[in-house]
Amino acid sequence: SQQGEEDPQALSIQEGENATMNCSYKTSINNLQWYRQNSGRGLVHLILIRSNEREKHSGRLRVTLDTSKKSSSLLITASRAADTASYFCATDGSNFGNEKLTFGTGTRLTIIP
Amino acid sequence: DTAVSQTPKYLVTQMGNDKSIKCEQNLGHDTMYWYKQDSKKFLKIMFSYNNKELIINETVPNRFSPKSPDKAHLNLHINSLELGDSAVYFCASSHSRLAVNEQFFGPGTRLTVL
């Protein structure tokens with residue numbers, strides 16, 4: 001079964017606006033990571049947040065984690081055309097062991113110039 | 001200086017054939033993975049090797065056989081290809097077997113079975 005589900009499945013915004021994507025998961029986790037996938041390419045790691053952290057920043061990225069709600073959000077501020085990609089959350093946790101990442105279904109983000 | 005490379009990038013073949021995909025990483029990582037991404041972009045792990053030892057083997061048909069000749073290489077051989085095997089296959093590597101580590105992905109191999 002899928003561990004993570006991203007919401008929305010697709011999102012289109014104007015360049016310069018902020019983009020928010022959400023990830024929900026079913027079981028307890030140790031860590032949650034976000035990855036980006038440009039069309040026709042492999043995934044690229046963006047940021048990791050541990051289960052004891054609530055918020056993390058990296059450049060224009062802000063990630064939050066709410067373990068009580070089993071959800072995470074990825075905020076991209078001041079979006080650029082180059083941010084157009086699919087974004088995936090990935091979790092590892094006690095139900096899956098600490099050696100396997102389980103990926104969500106992804107949000108396809110389109111930035112309109 | 002590509003970190004994780006895969007060959008071929010595209011593979012088109014007939015049902016019933018046998019094919020292989022090769023993966024190499026030059027990052028000095030101990031752990032390598034094979035993932036399958038379907039047409040809906042859902043990414044699922046298939047296998048993981050740590051220092052040439054198989055550590056994750058998901059419920060994958062035994063037509064799929066990974067081989068790791070050394071820790072820098074992980075190949076995937078598929079026998080008797082079926083239509084449902086059509087997907088993009090990604091190789092990845094990480095520093096160690098713990099899932100907390102960042103994974104580095106190859107560019108993918110798009111397999112089309114006719």
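Numbers restart at 1 for each chain; the letters A, B, ... are given by sequence-line order, proteins then strands. What you see is a predicted model, and the numbers here were worked out from it, not measured in a lab.
Smallest separation of non-hydrogen atoms from B/F105 and A/L43: CB-O, 3.4 Å. Nearest approach of B/E102 to A/Q33, heavy atoms of both residues: CA-OE1, 4.0 Å. Closest non-hydrogen pair, A/D92 versus B/A99, comes out as CB-CB, 3.4 Å.
Atom OH of residue B/Y33 and atom NZ of residue A/K100 lie 12.0 Å apart, to the nearest 0.5 angstrom. Here CG of B/L43 is found 11.5 Å from OG1 of A/T105. Values are rounded to the nearest 0.5 Å.
Heavy-atom pairs under 4.5 Å with chain A peak, among B/Q103, B/K44, B/K9, at B/Q103.
With a 4.5 Å cut-off on non-hydrogen atoms, A/Q37 touches chain B through its side chain but not through its backbone. Only the side chain of B/I45 comes within contact range of chain A, with at least one heavy atom under 4.5 Å from a heavy atom of that chain. Proximity to chain B is limited to the side chain of A/L48, based on heavy atoms less than 4.5 angstrom apart.
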Checklist line | A/N30 and B/V100: CA distance, side-chain angles, deciding distance, side chain to side chain contact (heavy atoms under 4.5 Å, CB included) verdict | finding: CA-CA 8 Å; A/N30 295 324; B/V100 67; over 6 Å; no
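In the displayed structure, A/K56 atom NZ is contacted under 6.0 Å by more than 12 heavy atoms of other residues, nucleotides or ligands.
Looking at A/R108 and B/K41, their side chains never come closer than 4.5 Å, going by heavy atoms from C-beta outward.
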